[in-house]
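Reading through the structure tokens given below for one structure.
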Amino acid sequence: MQWWCAAQGVAWTWTWTPYPGVWLFVGLLAAMYIWRLGGREATGGRRASYAIGVLLLWIALDWPVGALGSGYLASVHMVQFLLIALSAPPLLLMGVPAERWAVLEERPWFPVVRWLTLPLVSLLLFNAIVIATHWPELVDALMSSQAGSFALDLAWLVGGLILWWPVVAPVPHRPRFPLGIRMGYLIVCTVLMTLPYVFLTFGELPFYATYELAPPVGSLGAREDQRLAGLIMRIGGGTILWTAAGVLFWLWYRAENSPQTTVQSPSQAR
Amino acid sequence: MSEAGNDGVPPRVVPARGSAARPAIAAVLAALAAGCGGAGDSTETGDPAAETPAAARGIEPGGEGGGYRGLELVTPIRVPPFTLTDTSGEPYDFLDETAGSLAFLFFGFTHCPDICPVQLANLAAALGDLPYAERRQVEVVFVTTDPDRDTPEIVRDYLDRFDREFTGLIAPIDEVNAVLASLDLPPAVKEETPGTGDYTVGHVAQIMAVTGDGMIRLAYPGGIRQSDWRNDLPALLRLNAAVTGSGAGG
């Protein structure tokens, strides 16, 4: 039995396969929320946000999406990326009650988090992770083992949390990071993500041995699959980031035009 | 099933890039009985007849001079004459039909879930990148190792998914195995899949490059990528032009 999805080199089958490591991981995230991140005192909206975040992670990591993405189709691998790095992290962060952040800030490790989530650092770090985790040699090396595949998934999740932290996490320690700047931050991110998109969409040859040599699923060729992956990254990733930027713009516009111009993060807004 | 047999090892043994990968490739091909349908993998069954030929005939990676990513045979092998039936029901004399052309000979079956479709898809994609004049100098011949299921229509439909120019050959399995034996290759082996009532077919997985003089000069095992084909095809066309004296081959 496999505990985490990884490339197996065996023919794809639609027979359900259990991945206990994924269940354990998802269960740990849920338990952490309840006992460590203030889930019990959170509002319904925050609980729903966190639950949807965990659900998206579960979908991305478990069969069939996780299995297809780790060993058969680059396009599904990209769907995993969108779910793990761009969709789930803001929902997880927004699920944590604002007052819990104050508690977390007192932890000894929090200065590291604070540094990692400085906007410029987080932007560069996230994009470095994106580029590294789409580097063909690294992907091929990691995806062939469960530990490697787990490391890649974890890198995406951590990278996503770092990216979204300055945008959606309450930032009492960084009060001068206004909504307008956050908007720009996300837009710059869409620009930086153009690099892997171009690389995938316009590459003449398949870059990943994992997917090129995988037993075929359906009639999609390796080149078409890779181009589709690039388009998913561009359209899907762009949609997520631009939608978030749009929400920030709306919050910023509302704040600018309200009698009391108090600027709040989305997670502070109740 | 993987090229390495049904041991669950992913078929990523041949990222055939650069000289560093080549000893590994040679080792893989030396254990050449491997193929789709791992149950028939002769390396698993320990069939000495399956293991001897490749090692004996001395296959080594494309030499430093040739710069091939395929596996160059130290001593090219002459393809003995054989005639099978093509998908339109006509006799197909391999040596006659491919004389002067660069031919790729591949034994496989349409129900193969892993190696065969990947091998054919990658070759087809690389051939599709060639200029038309060069593409016309290449023949791809697929011989089914599963004639019980692979009717001419099924083989034709299957090959058309990759390239309509690919030739499919069908013959009773004894005739196909005789051709394999004449090439010092292990026979195709039908293996029942337990509990399913279905079966798979173990067979050699490499595509053999045959120049227009009827000599097998290189082999491309499972794991060969489109970038490898793109590297090798122009050189193979030049080699073909040189050995046939056609002066073509770009």
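Since we're looking at a predicted model, the values are computed, not measured.
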How close do B:Pro113 and A:Pro215 get, counting heavy atoms only, and between which atoms?
O-CB, 3.5 Å

Has A:Trp3 got more than 12 heavy atoms of other residues, nucleotides or ligands less than 6.0 Å from its CH2?
yes

Ordered numerically, the heavy-atom neighbours of chain B under 4.5 Å found in residues 222-241 of chain A are A:Ala222, A:Arg223

Give the minimum heavy-atom separation between B:Ile224 and A:Leu213, together with the two atoms involved.
O-CD2, 3.7 Å

Do other residues, nucleotides or ligands put more than 12 heavy atoms under 6.0 Å from the CH2 atom of A:Trp109?
yes

Identify which part of B:Ala126 has an atom lying under 4.5 Å from any heavy atom of chain A, answering side chain, backbone, both or neither.
backbone

Where on B:Ala121 is there a heavy atom nearer than 4.5 Å to chain A: the side chain, the backbone, both, or neither?
neither

For A:Arg36, does the CZ atom have more than 12 heavy-atom neighbours from other residues, nucleotides or ligands under 6.0 Å away?
no

Residue list, ring pair (Phe, Tyr, Trp, His ring centres under 6.0 Å) with A:Trp14, at least two apart or on another chain
A:Trp12

For A:Ala214 and B:Val118, work out which heavy atoms get closest and say how close.
O-CG2, 3.3 Å

Close contacts, residues 53-65 of chain A versus chain B, judged by heavy atoms under 4.5 Å:
none

Quick test of your reading: applying salt bridge (Lys or Arg N to Asp or Glu O under 4.0 Å), list the pairs with at least one residue in residues 189-216 of chain A, sequence neighbours left out, ordered by first then second residue.
A:Glu204-B:Arg230, A:Glu212-B:Arg225

